[in-house]
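This structure is a prediction, so every number in the text was calculated from the model and none was measured. Naming: A, B, ... by sequence-line order, numbering from 1 per chain.
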Amino acid sequence: MTQQELTAYIQSSFEGKLTLLDTGRAEPMFEVRPDDLLEVARRLRDDLQLKFDYLCNMGASDTRERLEVVYSIASTTRRLRMDFKLVLGYENPAVESVTPVWPAANWYEREMNELFGIEVKDHPDMRPLLLPEDWDQGYPMLKNWDAPDFVRMPEL
Amino acid sequence: MGLIKKVPVYTESIPGGALVATSLEAVLNFGRAKSLWYLLFGTACCAIELMCTGASRYDFDRLGMMFRASPRQADLIIAAGTITKKMGPRLRKLYDQMAEPRYVIAMGGCTIKGGPFYYDSYSVEKGIDHIVPVDIYVPGCPPRPESLLEGCLHLQEKVRRQKLSEWQEK
């Protein structure tokens, strides 16, 4: 399956739950609504044409207008790659956990929860991962984050 | 050189040999300065230079510096590498476990003032001198082995100048 065939297949068989974004990259990037995430993830993994069985990478980003959660997945048997992302607002951001679908998401979701404050629903093991145990200074990866000893790079 | 001074001794020849008189302080300081065992504490890229200094080309052992894997056997922490805010309390705990007198060398920019992580970093401690008292600062990113050796020679000089009465207070 080529990239064009993959894009066409996903657009035809996911009832509009994955919308193609124009990124100018070779691999397709889709957007998914937060409510559809778990169902779409399961179908991407279990569809016999796709079999996306490998979560390469996932993470969140703060664009100053919204939060985005990006998932990069690959199929080891069908030799496919694709990305999809979902968009969240700053008010109580929350996503479903995809750890039941791809166990690799476990630590990524813990990190995301800790650094961005994105709540991950139904995560099996939501303990702090990276920050000190007594951390109480909020979510440091948000762009508007600040702390008493945080020094911003001066404008040059 | 002139950096390492000799132990002050008074010698007097007697039949069949010589009589040597010196101060207890000088002898103890001589022994301490020549056997600074350091704790293995490499947390980032400075540790590579520390390993290089310990290996055969630069040869730390000739200064009497042997690495120890336990803080209870070490006299010196060479803090080699970035100390994050999570690592800070661990560093303090290791320092507290060492027997006195104990010394700290801050190796590299990160341990001195946060180094390249001074700006825009939420996780890096801006200098280890507000966690543990630092004796010698060795600047560089990372410092070359020559710099570290120079720092250790300066520390030896500092140890040699110690007074017996100061040991309790340190």
Side-chain angles (χ1 to χ4, degrees), chain A residues 57-70 88 90-95 105-120 123 125-156, chain B residues 39-48 71 77-98 104 106-134 137-143:
Chain A
N57 187 22
M58 96 172 244
S61 68
D62 180 359
T63 65
R64 290 183 193 276
E65 289 155 17
R66 58 199 190 170
L67 292 172
E68 291 177 353
V69 184
V70 186
L88 301 170
Y90 284 107
E91 291 291 314
N92 301 322
V95 289
N106 190 323
W107 281 23
Y108 289 123
E109 286 176 341
R110 283 168 66 184
E111 181 183 356
M112 194 172 79
N113 174 266
E114 209 176 12
L115 300 183
F116 286 90
I118 297 173
E119 186 200 342
V120 183
H123 189 279
D125 179 28
M126 186 50 77
R127 284 174 294 147
L129 179 66
L130 297 175
L131 294 176
E133 296 81 0
D134 54 350
W135 183 263
D136 58 353
Q137 296 185 346
Y139 306 111
M141 279 303 197
L142 295 177
K143 294 282 186 192
N144 60 0
W145 180 80
D146 206 1
D149 64 340
F150 180 68
V151 187
R152 233 169 245 296
M153 179 74 89
E155 298 283 333
L156 295 176
Chain B
L39 179 66
L40 276 182
F41 193 71
T43 44
C45 32
C46 279
I48 303 297
I77 290 187
I78 300 178
T82 317
I83 300 295
T84 58
K85 286 184 177 152
K86 199 167 181 175
M87 197 66 185
R90 275 84 175 168
L91 172 63
R92 180 73 216 188
K93 190 179 259 182
L94 289 170
Y95 178 79
D96 287 341
Q97 287 179 4
M98 287 162 64
V104 177
M107 180 182 181
C110 296
T111 53
I112 295 172
K113 196 64 187 161
F117 309 106
Y118 181 78
Y119 294 116
D120 283 350
S121 171
Y122 63 91
S123 59
V124 174
E125 203 69 67
K126 290 178 177 52
I128 62 165
D129 38 14
H130 55 266
I131 304 171
V132 290
V134 178
Y137 296 89
V138 181
C141 189

To the nearest 0.5 Å, atom CG of A:L142 lies from atom OH of B:Y122 at 11.5 Å
If one checks every heavy atom of A:L130 against chain B at 4.5 Å, the contacting part turns out to be backbone
Honestly, the part of B:T84 sitting under 4.5 Å from a heavy atom of chain A is neither
d(A:D134 CG, B:K85 NZ) to nearest 0.5 Å is 11.0 Å
So do the side chains of A:W135 and B:K86 get within less than 4.5 Å of each other, counting heavy atoms only? no
So with a 6.0 Å cut-off around CG of A:N92, is the heavy-atom count from everything else above 12? no
Taking every heavy atom of B:Y119 against every heavy atom of A:R152, the minimum-distance pair comes out as CD2-O, 3.3 Å
